[in-house]
Amino acid sequence: MDSKNLEKLLLSVQKPGRYAGGELNSIIKDKEKVDVRFAFCFPDTYEIGMSHLGMKILYSQFNARDDIWCERVFNPWIDFQAVMRENNIPLFALESRDPIKDFDFIGFTLQYELSYTNVLNMLDLAGVPLRSRDRKDLMPIVVAGGPCACNPEPMAEFIDIFFLGEGEEVDLEVIDLYKRIKKEGGDKQTFLREAAKIEGVYVPSLYDCEYNLDGTLNSIKPIDDAPAVINKRIMKDMDKSFYPETFVVPTTEIVHDRAVEEIYRGCIRGCRFCQAGFIYRPVREKSVDTILSQAKSLCDTTGYDEISLSSLSTSDYRQVQQLLSRMIEWSEKDKVSISLPSLRIDNFSTELLEKIQYIRKSGLTFAPEAGTQRLRDVINKNITEEEILRTCLMAFEGGYTSVKLYFMIGLPTETDEDIIGIAELGQKIVDSFYRMPNKPKYKSVNVSISVSTFVPKPFTPFQFEPQIDIDEIRRKHDLLRNSIKTKKISLSYHDSSTSFLEGVFARGDRKLCDVIETAYNSGCKFDGWNECFSLDTWMEAFKKCGIDTAFYANRGRDYEEILPWDHLNYGVTKCFFVRENEKAHGAKTTPNCREQCAGCGANCYGEGVCFEKR
């Protein structure tokens, strides 16, 4: 693409830095000297995609090989899309500005169900046929991974290959196979059949789905010699797993503009609503030395003055105190602040509070998730009201005057008393501040309550549960808002319409592929953005395709029903999810993995928390 013409066009759009490229640490190669070109596509804006750790890891790992050039691609915002279509500019990669339709692979990370129309939009902008069956040639191969790949069926007609689990090894194995098939002159079908034999690779075109008269699945049958069950891949030794020495440093502001160091994968807790807590099992930690070395390298090579320690529950890292003590030794000298997201209420301590205050003074965030003890037991949160109040009081006594609390509404077995309990818990926290004998003078407290709507997700004990409908979501919002009696509590909640649509696609099957394409052709894209989302357009698409949304979102599933993801194995067994669902309805809790093994099945990998000496 002619750089001068592009730069002239960029002057007409907001935030041209999204499309300019040329950032510090971005990687430029001679395309004549590489064998495989990979377009890593994030189906949202630059600001969100550049904050994603998975892209940073795979971008660096692919480019560490001389034979691969991986480039970044983001979904252009509405204004630049219009410019591209008006001027016949195909979607291009940031590093080379070459059209991605000429690449060997176009890869998407699927982080959120409401990004599905953006995938279609990016393929359309690239001039690539949307449906896999319409792409006859060996290149480009369209692949996808990420958490939404654990139920890939709503996107099965558009994607050639899904990667299940963690991609550091399996992605390169598929690329090496592609190189061989290409060199031998093989066609796309030959490549896909061979790729399906690699563990962690799901080729949806090699499976037939049959349905019962009531719309439920009757079977998912492999074609020819495709495997009947596809197993996810994991990195067993996190100290040996690839991690970047540097990140691309954006030239424009992004959502999380800092260095990120991953300290472990997985979660010991087993919250019954949490998909990530199960699909990333088992827990595998990095050593303190590895974390320190990688974190120091990132700060030195990027110039960032803040680093975030990333995990699903940072305070569950076994050596968190030692890690922070040693990090402070160099971070103070280098004037680097340390961010600790994902803190647990039940293992928050005065020692941890002191270190947090020492390295970063800001508001604290916790996630009680439910307002009553009964419902917290139902979801297996394993924290008590006493622990919540004690932790908030500890924060107040340490000088904090604000806390943010995350809750969900619409959880299984929830009653109005549970909703009112959220407001009552917030009030108790406010009262605890004002009861302090040494409370700070001339300062008031703020308890920020953020509420999301429960969405039943695959590979969780609640995958069998119905989601409440939009009217009920709104009624519960009103009930909670009217139950808050003080201005010291601020309330925010997610849009009910987007939560509903997320619920439809989270447990959807292949019949939803037609809906997604119909909605896209009717103008749907950036559905996660309020200014772009149109529920009416989506409902019209469902109607055109003869799809009842309640069948997917608001219907409970029998334990015996064949689910669209039952042929995929993420290491945790369906019988474990059934046992946990039954315990939930009895409000019975399950200890965390370090206290007692619950027999979920994740010990099949032979690594991680399942084999720690306890």
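Excluded from the calculations below are hydrogen atoms, water molecules and symmetry mates; all remaining heavy atoms, backbone and side chain alike, are included. Numbers here simply count residues along the sequence, with the first being 1.
- With respect to the salt-bridge test (charged N to carboxylate O, under 4.0 angstrom), the residues Arg85 and Asp124 qualify.
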Worked verdict on Asp160 versus Lys188 for salt bridge (charged side-chain N to carboxylate O under 4.0 Å, His left out): CA-CA 10 Å; Asp160 298 315; Lys188 178 180 178 179; 2.9 Å; yes
Candidate pair Phe247 and Glu23, rule side-chain contact (heavy atoms from CB on, under 4.5 Å), full reasoning: CA-CA 10 Å; Phe247 289 166; Glu23 306 100 319; over 6 Å; no
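- If you take CG on Leu192 and OG on Ser132, they are separated by 6.5 Å, rounding to the nearest 0.5 Å.
- The cationic atom of Arg37 (NZ for Lys, CZ for Arg) lies less than 6.0 Å from the six-membered ring centre of Phe103 and within 45° of the ring axis.
- Aromatic ring orientation, Phe462 versus Phe454: perpendicular (interplanar angle above 60°, classes split at 30° and 60°).
- Judged by distance alone, the side chains of Glu540 and Ser522 never bring a donor and an acceptor atom under 3.5 Å apart.
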Derivation of the salt bridge (charged side-chain N to carboxylate O under 4.0 Å, His left out) call for Glu168 and Arg265: CA-CA 13 Å; Glu168 287 94 335; Arg265 290 183 186 170; 2.6 Å; yes
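- The heavy-atom pair separating Leu312 from Cys267 by the smallest distance is CD1-CB, 3.9 Å.
- With sequence neighbours left out, the side-chain hydrogen bond (donor to acceptor under 3.5 Å, both in side chains) criterion links Thr216 to Asn212, Asp214.
- Taking the six-membered ring for Trp and thresholds of 30 and 60 degrees, Phe80 and Phe92 have ring planes more than 60 degrees apart, a perpendicular arrangement.
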Working for side-chain contact (heavy atoms from CB on, under 4.5 Å), residues Leu138 and Phe191: CA-CA 8 Å; Leu138 180 60; Phe191 168 68; 3.8 Å; yes
Derivation of the ring-ring contact (aromatic ring centres under 6.0 Å, His included) call for Trp538 and Phe505: CA-CA 12 Å; Trp538 271 104; Phe505 288 112; 5.4 Å; yes
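- When side chains are defined from C-beta on, Leu125 does not count as touching Leu123, because their heavy atoms never get closer than 4.5 Å.
- Using a 4.0 Å cut-off between charged nitrogen and carboxylate oxygen, Lys574 and Glu561 do not count as a salt-bridge pair.
- Between Lys544 and Asp514 there is no salt bridge, since no side-chain N of the basic residue sits under 4.0 Å from a carboxylate O of the acidic one.
- Residues Thr246 and Asn25 bring a donor and an acceptor atom of their side chains to less than 3.5 Å of each other.
- Distance check: Asp239 CG to Thr290 OG1 gives 3.5 Å after rounding to the nearest 0.5 Å.
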Criterion side-chain hydrogen bond (donor to acceptor under 3.5 Å, both in side chains) on Asn569 and Asn231, from CA distance to verdict: CA-CA 5 Å; Asn569 176 26; Asn231 301 314; 2.8 Å; yes
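- In this pair, Phe577 and Phe278 present their aromatic rings perpendicular. The plane angle is above 60°, beyond the 30 to 60° band.
- Using a 4.5 Å cut-off on side-chain heavy atoms (C-beta onward), Phe42 and Val73 make no contact.
- In this structure, Ser311 OG and Asp316 CG are separated by 7.5 Å, a value rounded to the nearest 0.5 Å.
- In this structure, the side chains of Asn380 and Cys271 stay at 4.5 Å or more apart for every pair of heavy atoms.
- Side-chain N/O atoms of Gln463 and Trp565 include a donor and acceptor closer than 3.5 Å.
- Under a 4.0 Å N-O distance rule, the pair Arg233/Glu166 does not qualify as a salt bridge.
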Test log, rule side-chain hydrogen bond (donor to acceptor under 3.5 Å, both in side chains), inputs Glu580 and Thr590: CA-CA 8 Å; Glu580 284 294 293; Thr590 298; 2.7 Å; yes
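- Side chains of Trp69 and Asp30: a donor-acceptor N/O pair is absent below 3.5 angstrom, by distance only.
- At least one side-chain heavy atom of Phe62 sits under 4.5 Å from a side-chain heavy atom of Leu172.
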Chi angles and distances behind the salt bridge (charged side-chain N to carboxylate O under 4.0 Å, His left out) call for Glu582, Arg579: CA-CA 5 Å; Glu582 290 172 339; Arg579 291 200 308 270; over 6 Å; no
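- Put simply, the side chain of Ser96 reaches to within 4.5 Å of the side chain of Glu71, judged on heavy atoms.
- Comment: Asp225 does not engage Arg193 in a salt bridge, judged by the lack of any side-chain N to carboxylate O separation of less than 4.0 angstrom.
- Taking every heavy atom of both residues into account, Gln111 and Gly146 meet most closely at NE2-CA, 4.2 Å.
- For the pair Asn121/Gln81, a side-chain contact is recorded, criterion being any heavy-atom separation below 4.5 Å from C-beta on.
- Glu465 and Asn581 share a donor-acceptor pair across their side chains, judged by distance under 3.5 Å alone.
- When all heavy atoms are compared, the tightest approach of Asn63 to Cys70 is OD1-N, 2.8 Å.
- Using a 4.5 Å cut-off on side-chain heavy atoms (C-beta onward), Ile223 and Ser205 make no contact.
- For the 3.5 Å distance criterion, the side chains of Asn118 and Ser115 fail to qualify, holding no donor opposite an acceptor.
- Using the six-membered ring where Trp is involved, Phe459 and Tyr570 have ring planes that are tilted, between 30° and 60° apart.
- The pair Asp208-Lys221 does not count as a salt bridge, with every side-chain nitrogen at least 4.0 angstrom from each carboxylate oxygen.
- Ion pairing between a basic and an acidic side chain is recognised when a charged N comes within 4.0 Å of a carboxylate O; Lys31 and Asp98 show such pairing.
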Verdict with reasoning, Lys232 to Glu199, per salt bridge (charged side-chain N to carboxylate O under 4.0 Å, His left out): CA-CA 7 Å; Lys232 78 167 181 181; Glu199 188 173 48; over 6 Å; no
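- Nearest heavy-atom pair, Ala226 versus Tyr207, reported as atom, atom and distance to 0.1 Å: CB-OH, 3.7 Å.
- A salt bridge links Asp176 and Arg65; the closest N-O separation between the charged side-chain nitrogens and carboxylate oxygens is under 4.0 Å.
- With ring centers used as reference points, Phe526 lies under 6.0 Å from Trp77.
- The nearest pair of heavy atoms linking Ser497 to Ile470 is CA-CD1, 4.2 Å.
- Between Lys457 and Glu113, at least one side-chain N (NZ, or NE/NH1/NH2) sits under 4.0 Å from a carboxylate O, which counts as a salt bridge.
- Using the six-membered ring where Trp is involved, Tyr559 and Phe464 have ring planes that are perpendicular, over 60° apart on the 30 and 60° scheme.
- Ion pairing of Arg131 with Glu517 is present here, as a side-chain N (NZ or NE/NH1/NH2) and a carboxylate O approach within less than 4.0 Å.
- Put simply, the side chain of Asp44 does not reach to within 4.5 Å of the side chain of Asn75, judged on heavy atoms.
- Between Ala156 and Cys513, the shortest heavy-atom contact is N-SG, 3.7 Å.
- To the nearest 0.5 angstrom, Thr549 atom OG1 is 13.0 Å from Lys543 atom NZ.
- Under a cutoff of 6.0 Å and an axis angle of 45°, Arg72 and Tyr59 form a cation-pi pair.
- Relative orientation of the Phe40 and Phe38 rings is tilted, given thresholds of 30° and 60° on the angle between their planes.
- Residues Asp67 and Lys33 are not paired through a salt bridge, judged by the lack of any N-O separation under 4.0 Å between the basic side chain and the carboxylate.
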